[in-house]
Amino acid sequence: MEKYNPSQIEPKWRKLWAETKLYQTDIKAAKNPYYNLWMFPYPSGARMHVGHAYASTGADIHGRFMRMNGREVFQPMGFDAFGIHGENYAIKVGRHPKELMDELCDRYRDEQFKRMGHGYDWSHEVRTYDADYYKWTQWIFLKLYKYGLAERKKASVNWCPSCKTVLADEQVLCGSCERCEAIVESKELKQWFFKITKYADHLLDNLQVINWPQKIKVMQINWIGRSEGAKINFPIFNSQFSNKKEFIEVFTTRPDTLFGATFFVLAPESEWVDKLTTNDRKREVGNYVRRAKSLTMQQRAQQKEKTGVFTGSYVVNPVSGEEIPVYVADYVLFEYGGGAVMGVPAHDQRDHEFARSFDLPVVEVISSDSSVSDQISQEVYAGEGTLINSGQFNGMNSVEARKKIMTMLEEKGCGKEDVQYKLRDWCISRQRYWGAPIPIIYCEKCGEVSVPEGELPVLLPDTEDWRPTGTEESPLAAIEGFVNTTCHQCGGSAKRETDVCDTFLDSAWYYYAYPAYAGQRIIANRERITTNKISLPVDEMEDYPFQPDILKKWLPVDMYVGGAEHAVLHLMYTRFLTMAFQDLGIIGFDEPFERFFAHGLITKDGAKMSKSKGNIVNPDEYIEKYGADAFRTYLMFLGPYGAGGDFTDSGLNGMVRFLRRVCEVVCGDVKAESLSKERLRLMHRTVKKVTEDVRDFSFNTAIAALMEWVKKSQKSEENRSVEDNTFSREEAEVMLKLLAPFAPHITEELWQLLNGSDVKQFTKHRSVHFQDWPVYDPAFIKAKEVTMVVQVNGKLRGKVEVLSGIDEGRAREYALQNESVRKFMQNKKVKRVIYVPDKLINFVV
RNA sequence: GCGGGUGUGGCGGAAUUGGCAGACGCGCAGGAUUCAGAAUCCUGUGACCGCGAGGUCAUGUGGGUUCAACUCCCACCAUCCGCACCA
């Protein structure tokens, strides 16, 4: 091949691959299945981003590698195009979401993803806004509803004033909306929730058995936020209540500090506030609560000074018997631990700040066991230590005291062990248009009724008034033909739920749909569910989208590649859903992804890419100019795939140079028929290195090894003597196979040239992508002669070539033949010799 | 504040897990080719001293362990990410 011409060969091969259905997997017949999945993208801009190209390329390389290692790889693709991200973009450009998403998905697929040369099986493409898809999203909602995992309840929820909808906790980042960065407000609204909290421990425990990056596991652990402690009852001491034995419950992780509780604080939203406020303090407390409720959570957290007001009431410390004042303060969260806190100012930073503001007594009850200087440096000691000022528990270690105090409380019936979680239920209602309608109706007589499964999907009505209203109601609420319906139970008039599902529900189950999806629809299955773990008996026959044989063959997903930013969003929701599916008896496993790999992010010229900086990398331009192979390989060469890298335009030239050199080296006239030991060693070493690196997602070093191989063999003895730059046939085949996952087009072209194949007779078996991955022979890797490093006092003083495996005495002899070494050894006495066979000898003098 | 990560030439990054620091690539410099440029090829490229052979210093900073430290330990600094009044 004279010239490296990607613009000619790349489209040619993509066309042939499509025509021969090279990447279509036989879902039913596959014997050695491997489900390789990449987080499907959501179109939220005119074109695909370079981040999509980067992430998808790494996943594709993994899939190709597994295929060449004998697995039947299923690598589907689709679009997460239902939901707020796409809708926000539609609002921005003033287009109807349906029309826009059809256009964008087609463009992303046909003009962009297909040009990357990925081995996707597009015959199973999924789009989450297809009625055939969201029918099953609604079906999932109904299943969870039926078994008590979905419920409508009034709660304090996050409201994004810009997106005009509520959001789940996970979709609020540092007090701002995940999508538009507006500051989130809190509102008391009746919304639909999925009970993910029921699975808190299951989600936590399973982290120990899945092969996921530690980073993601830690984020999930922190998000679930399991705390072990106690619930303690504080009796109310107040003239208004003197006759009743009422008490307030608080949660604490430190019951050992109970003797140090000198005050009591309620969250402004707590129902106790009204009950406990004495008449003379009603006005002041009312004002404070009103003000607190008007602040966003972020504003509350950013206040420098702790604020609050006295309610006029007292509660009794259950161990010391002291009456302690009850305050209302906005530093106490209503959603956590019952919205009340016992104030221990000596051992909690926040309580200490509050006590200082209100001149409340500080009683030290834990004495630090560490040195005096440590104690002085810390105002508030939150660590473990010895109990003081704590009655019969004095002198006891705080860890032990914790248990003893809990036992005592339990015996007295005023407390018990308890576990609290930071995790809250998943709010899935959205007051938006572009989502799956929640399949529930409200009947005047029967109340809340689910839509019968046979009536699914509840179609999203077409309308021109689809923009968010800001009235706490979805635009669907204004469409009478949609809202008004009849109750299928009593036949009376009823109204539909008008909110739609969170888009994270759409994406929480898409990988179940891929294998079941063919010809744009899910092939449903009629099955009797029998293994239901949730107590309700299930005896009906019903349609469901999971065909047992396909499920068993393809799921769980073998490898999932995606961004770490979804750690507590998609990755948490989808684990929850899988666990729920198992408990519902519709699948037989509880983790969706056996392995997950989090890719890094790319920067441009050292800076984060952003429109304002004008440093956006548009993949199309680079593919056009350099070809997909060079672009792919370059992206993977930037840095470790898990860490990302920095994109510079000039770097691509180097990759084109490399691919051109590969063409030269593979297609020149073959001169070296039998390879020297050195050349063989080089080849086997490269196979080993590339195999291990690709297996470990170390794509950058795998490419470096291939480059090194080309460079070194060009300079080897054979080539120098014949003044030629070619590989032997064996080397050429191995090179093409090793490079094939990175540069699929050019390797296919060269493979066909090498084998003199006729393009018209191209089949799977003739494709380089269906060849067996090369194996290396360790016997060839081992060198007869090795370079031994000679050190004197740990400093490099010389190198000698020695036979591999010589003993220390011989090594010593060789080493001392080196002049430079002798110079440093002169007039010195050898105290010690350290010998590392085949590597190094060090004389200590 | 808490949790996790990272820190190596002009730049992106290597280093078989304690054993030759800087693989590979970009960039740069010199040379070949060319009327000239582009492209391509060859050579060089951490810093400092030296004409040279060679030497000294170098992996964020300071200490330590070791014959030997980018790698292990302690302290600190910088930076990125996540969480953030979770009792």
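All values below were derived from every heavy atom in this structure, side-chain atoms included, with hydrogens, water molecules and symmetry-related copies excluded. A, B, ... follow the sequence lines: proteins, then strands. Residue 1 opens every chain.
A:R797 comes within 4.0 angstrom of sugar-phosphate atoms only, judged by non-hydrogen atoms across all strands, and of no base. At a threshold of 4.0 angstrom between heavy atoms, the contacts of A:L173 are confined to the sugar-phosphate backbone, with no base atom among them. In this structure, A:V568 reaches neither bases nor backbone, as no heavy-atom distance under 4.0 Å exists between it and the strands shown. At a threshold of 4.0 angstrom between heavy atoms, the contacts of A:K831 with the nucleic acid are absent. Among the atoms of the strands shown, only primed sugar atoms or phosphate atoms (P, OP1, OP2) are found under 4.0 Å from some heavy atom of A:T253.
Taking the six-membered ring where tryptophan is involved, the planes of A:Y331 and A:F354 are tilted, since the angle between them lies from 30° to 60°. Taking the six-membered ring where the residue is Trp, A:F596 and A:W212 present tilted rings, their angle falling between 30° and 60°.
Distance A:N222 CG to B:rG1 C1': 14 Å, rounded to the nearest Å. Distance, A:Q420 CD to B:rA87 P: 9 Å, rounded to whole Å. A:I216 has its CD1 atom 13 Å from the P atom of B:rG5, to the nearest Å. A:L601 has its CG atom 17 Å from the P atom of B:rG12, to the nearest Å. Residue A:F251 contributes atom CZ, which lies 16 Å from atom C1' of B:rC85 at whole-angstrom precision. Rounded to an integer number of Å, the gap from CD of A:E565 to P of B:rC83 is 12 Å. The nearest whole Å value for the distance from the CD atom in A:E353 to the P atom in B:rA87 is 16 Å. Put simply, CG on A:D693 is 17 Å from P on B:rG13, counting in whole angstrom units.
In summary, A:E808 and A:R812 engage in a salt bridge, as defined by a charged side-chain N under 4.0 Å from a carboxylate O. Looking at A:E269 and A:R300, a side-chain N of the basic residue comes within less than 4.0 Å of a carboxylate O on the acidic one, giving a salt bridge.
B:rG3 and B:rC74 have their P atoms separated by 15 Å, with the value rounded to a whole Å. Of the C1' atoms belonging to B:rU59 and B:rC20, the separation is 15 Å, rounded to the nearest Å. B:rU8 and B:rC72 have their P atoms separated by 16 Å, with the value rounded to a whole Å. Comparing the C1' positions of B:rG60 and B:rU33 gives a spacing of 46 Å, expressed to the nearest Å. B:rA78 and B:rG62 are spaced 15 Å apart, taking the C1' atom of each and rounding to whole Å. Using atom C1' as the reference point in both B:rU61 and B:rU6, the two lie 16 Å apart (nearest Å). Distance check on atom P: B:rG22 versus B:rU45 gives 12 Å, rounded to whole Å. Nucleotides B:rA68 and B:rG19 are separated by 14 Å at their P atoms, to the nearest Å.
Take A:D838 and apply the salt bridge (charged side-chain N to carboxylate O under 4.0 Å, His left out) test, not counting sequence neighbours, and it matches no residue.
The stretch residues 631-645 of chain A comes close to RNA chain B through A:F637, A:L638, A:P640, each having a heavy atom under 4.0 Å from the strand. Remark: A:N700, A:T701, A:A704 in residues 696-704 of chain A come within less than 4.0 Å of RNA chain B through at least one heavy atom.
A donor-acceptor pair is defined here as one N or O able to donate and one able to accept, closer than 3.5 Å; such a pair exists between the side chain of A:T257 and the backbone of A:R254. With hydrogens and angles disregarded, no donor-acceptor distance shorter than 3.5 Å links the side chain of A:Q349 to the backbone of A:V380. Not a single donor-acceptor pair under 3.5 Å links the side chain of A:K231 to the backbone N or O of A:E249.
Applying the 90° criterion around 0 to the glycosidic angle, B:rG9 comes out syn.
Because its NZ or CZ atom is not both nearer than 6.0 Å to the ring centre of A:F647 and within 45° of the ring axis, A:K604 does not count as a cation-pi partner of that residue.
For A:V218, the listed nucleotide lying nearest its side chain is B:rG3; candidates were B:rG82, B:rG3, B:rA84.
Secondary-structure stems of RNA chain B, taken as three or more successive Watson-Crick or G-U wobble pairs (i with j, i+1 with j-1) under a 3.5 Å distance threshold, comprise B:1-7 with B:77-83, B:10-12 with B:24-26, B:27-32 with B:40-45, B:46-49 with B:54-57, B:60-64 with B:72-76.
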Would you list the protein and nucleotides 17-22 of chain B atom pairs, both N or O, that sit under 3.5 Å from each other?
unit_1, atom_1, unit_2, atom_2, d
B:rG19, N2, A:Q791, OE1, 3.2
B:rC20, O2, A:K799, NZ, 2.4

Each nucleotide N or O in nucleotides 39-42 of chain B that has a protein N or O under 3.5 Å away: list the pair and distance.
unit_1, atom_1, unit_2, atom_2, d
B:rU40, OP1, A:R657, NH1, 3.3
B:rU40, OP2, A:R657, NH1, 3.4
B:rC41, OP1, A:R661, NH2, 3.2

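To the nearest 0.5 Å, atom CD1 of residue A:I834 and atom CZ of residue A:R832 are 4.0 Å apart.
Residues A:M406 and A:P255 approach most closely at CG-CG, 3.8 Å, considering heavy atoms.
Residue side chain A:K306 reaches the base of B:rC85 through a donor-acceptor N/O pair under 3.5 Å, judged by distance alone.
Using a 3.5 Å distance cut-off with no hydrogens or angles, the side chains of A:D348 and A:Y381 do not pair a donor with an acceptor.
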